[in-house]
Number of protein chains: 2
Amino acid sequence: MPSISKENYLKAIFIGNRADKKPLTTTEIASRLEISNAATSEMARKLADSGLIKYEKYKGLRLTKKGERIAVNVIRRHRLWELFLLKVLKLNWAEVHDEAEKLEHISSEKLIDKIDEFLNYPKFDPHGEPIPDKNGELPNLPKTIKLSETEIGKEYFVIKVDDSSNELMNYLTKIGLKLYEKIKVADKLKFDNSVIIMLKSKQINLSKKVAESIFVSESSINLSRN
Amino acid sequence: MPSISKENYLKAIFIGNRADKKPLTTTEIASRLEISNAATSEMARKLADSGLIKYEKYKGLRLTKKGERIAVNVIRRHRLWELFLLKVLKLNWAEVHDEAEKLEHISSEKLIDKIDEFLNYPKFDPHGEPIPDKNGELPNLPKTIKLSETEIGKEYFVIKVDDSSNELMNYLTKIGLKLYEKIKVADKLKFDNSVIIMLKSKQINLSKKVAESIFVSESSINLSRN
DNA sequence: TTACAAAGTTAAGCACACCTAAAATAATTA
DNA sequence: TAATTATTTTAGGTGTGCTTAACTTTGTAA
């Protein structure tokens with residue numbers, strides 16, 4: 001079982017993973033984890049020694065199958081805790097992330113499975129990110145586009161929101177925009193690139209920045225696993 | 001905020017605290033935490049430096065008010081988590097303790113308060129140990145005696161059980177003996193010092209060892225805080 | 001194609017929390 | 001009381017994960 005620190009490196013590598021599969025640089029990992037380059041170089045060597053990543057000096061690094069399994073498991077633990085803390089224990093957005101960040105490293109497999117069961121095997125976390133199952137399988141996600149890139153007049157389902165800002169989550173909660181809801185794009189203003197949507201006959205104007213943080217799909221998704 | 005390690009020392013000192021209030025020895029703490037004497041001596045110095053314990057070399061140590069506040073808070077976190085894991089997430093006795101042992105150190109005040117609220121401000125953990133409230137106040141406990149020291153023919157309420165053995169907890173669960181239940185001492189056998197009790201018209205023979213691990217009172221207790 | 005800036009690695013050192021072994025102190029017994 | 005034994009502390013050392021500073025490699029612009 002890798003240390004908390006090692007789990008965080010593996011998770012950062014998994015999440016930072018690029019679409020083109022090119023190796024990540026140690027610098028990218030360092031900046032993501034907010035530690036020095038030096039620490040990352042050193043850790044890269046250790047992780048490579050234990051077969052968790054593939055690493056060539058000056059060339060970057062990528063997860064091995066073994067490392068990926070661990071990373072996916074950490075992400076499973078994180079996302080289940082986030083959902084649990086928000087829905088069951090009613091923590092707010094700001095608290096949920098930080099708390100899950102700690103809990104993900106110290107929860108036994110058994111505890112996580114119990115939480116999974118309690119929540120009835122959810123497929124998505126509160127931001128719409130997929131929750132890997134016990135075997136590391138991710139649920140299918142429909143293809144999503146940014147709300148800012150939608151077509152006027154069409155209907156969409158809200159599938160995912162950027163999880164990096166609690167401010168955004170609070171705002172969306174306040175205006176009543178929830179995941180999986182159907183919306184209609186009423187208009188898009190050239191002037192400021194804001195998007196006007198219809199949500200249950202209510203008209204809402206979303207700024208460019210907000211519209212770029214909301215991911216929608218033309219098809220809805222099946223939420224439960226069984 | 002003290003480190004996990006420091007919290008464990010403070011907790012061990014609080015729990016090991018003697019009735020006569022005499023200072024504990026570093027050796028006692030070391031054995032409780034299963035670490036070397038040397039480590040404990042060193043830590044005693046550090047804790048004394050930060051004003052969490054009073055420590056005189058070769059003379060033993062005791063908590064200061066400040067140290068006690070922290071210890072009680074750790075115990076609050078532990079006992080709330082134990083109850084939560086057992087009742088809500090249905091972990092078994094063996095898992096509950098180890099898990100709580102980790103969770104108690106990384107849970108924010110806010111999270112603990114939410115758990116407290118979810119459980120409706122319980123006064124006792126699953127072993128019958130009192131749960132300190134947010135201010136560190138412990139609920140009143142009735143005077144208890146060991147089941148092995150009761151009088152034949154009298155009725156008692158089960159108040160507390162020794163929390164050091166999961167085996168015992170499993171056994172009590174199996175025979176259906178729960179906390180707060182009323183029992184009648186039917187007989188006590190001189191032969192093997194076992195105790196025969198009536199539990200809801202069912203007769204159960206408890207061995208000397210079991211009877212010494214169960215604490216009872218003649219009066220029942222008020223379970224909820226409000 | 002070279003030379004130099006940016007990116008990345010190694011080296012040396014620190015804090016923490018532990019260890020074993022040796023030294024110091026306290027307690028016990030002759 | 002002195003000697004012996006038991007307890008407790010100090011000294012020196014280890015592994016982890018971080019730091020800054022110095023060095024090496026890589027990529028780019030002249």
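Per chain, numbering begins at 1; letters A, B, ... match sequence-line order. Excluded from the calculations below are hydrogen atoms, water molecules and symmetry mates; all remaining heavy atoms, backbone and side chain alike, are included. Everything numeric in this text was worked out from a predicted model, so none of it was measured.
- Residue B:Thr27 has its side chain nearest to D:dT8 when only C:dT9, D:dT8, C:dC19 are considered.
- In the set D:dG17, D:dT8, D:dT24, D:dT8 carries the atom at the smallest distance from any side-chain atom of B:Tyr58.
- By the 30° and 60° cut-offs, the orientation of the rings of A:Phe118 relative to A:Phe84 is perpendicular.
- The phosphate of C:dC18 has OP1 or OP2 within less than 4.0 Å of a side-chain N or O from B:Tyr9.
- C:dC18 atom P lies 8 Å from atom CG of B:Leu33, rounded to whole Å.
- The interatomic distance linking A:Ile29 (CD1) with C:dT9 (C1') rounds to 16 Å, in whole Å.
- Atom NZ of A:Lys59 and atom C1' of C:dT9 are 14 Å apart (whole Å).
- One can place NE2 of B:His105 at 16 Å from C1' of C:dC16, the figure rounded to the nearest angstrom.
- Per the geometry, CD belonging to A:Glu34 stands 12 Å off P belonging to D:dC18, to the nearest Å.
- Electrostatic pairing of B:Asp192 and B:Lys209 does not count as a salt bridge here, judged by no charged N lying under 4.0 Å from a carboxylate O.
- If you measure from atom CD of B:Glu7 to atom C1' of C:dA17, you get 15 Å, rounded to the nearest angstrom.
- Counting non-hydrogen atoms of other residues, nucleotides and ligands closer than 6.0 Å to CG of B:Asn140 gives a total of 12 or fewer.
- In this structure, B:Ser5 reaches the C:dC18 phosphate: one of its side-chain N or O atoms is under 4.0 Å from OP1 or OP2.
- Residue A:Thr26 places at least one side-chain N or O under 4.0 Å from the OP1 or OP2 atom of C:dT9.
- Between the CD1 atom of A:Ile35 and the P atom of D:dT16 there is a distance of 16 Å, given to the nearest Å.
- Taking every heavy atom of residues 36-51 of chain A and every atom of DNA chain C, pairs under 4.0 Å involve A:Asn37, A:Ala38, A:Ser41, by number.
- Side-chain N/O atoms of A:Lys57 include one lying less than 4.0 angstrom from OP1 or OP2 on C:dT10.
- Looking only at distances, a side-chain donor or acceptor of B:Thr150 sits under 3.5 Å from a matching main-chain atom of B:Leu147.
- Contact check on A:Glu109 versus A:Lys134 returns a salt bridge, with a Lys/Arg side-chain nitrogen under 4.0 Å from an Asp/Glu carboxylate oxygen.
- With sequence neighbours excluded, the residues satisfying side chain to side chain donor-acceptor pair (under 3.5 Å) with B:Ser164 are B:Asp162.
- Remark: side-chain polar atoms of A:Asp20 are paired, donor with acceptor, to backbone N or O of A:Lys22 under 3.5 angstrom.
- If you take CG of B:Leu24 and P of D:dT8, they are 11 Å apart, rounded to a whole angstrom.
- Contacts of B:Lys6 with the nucleic acid, taken as non-hydrogen atoms under 4.0 Å apart, involve only primed sugar atoms and P, OP1 or OP2.
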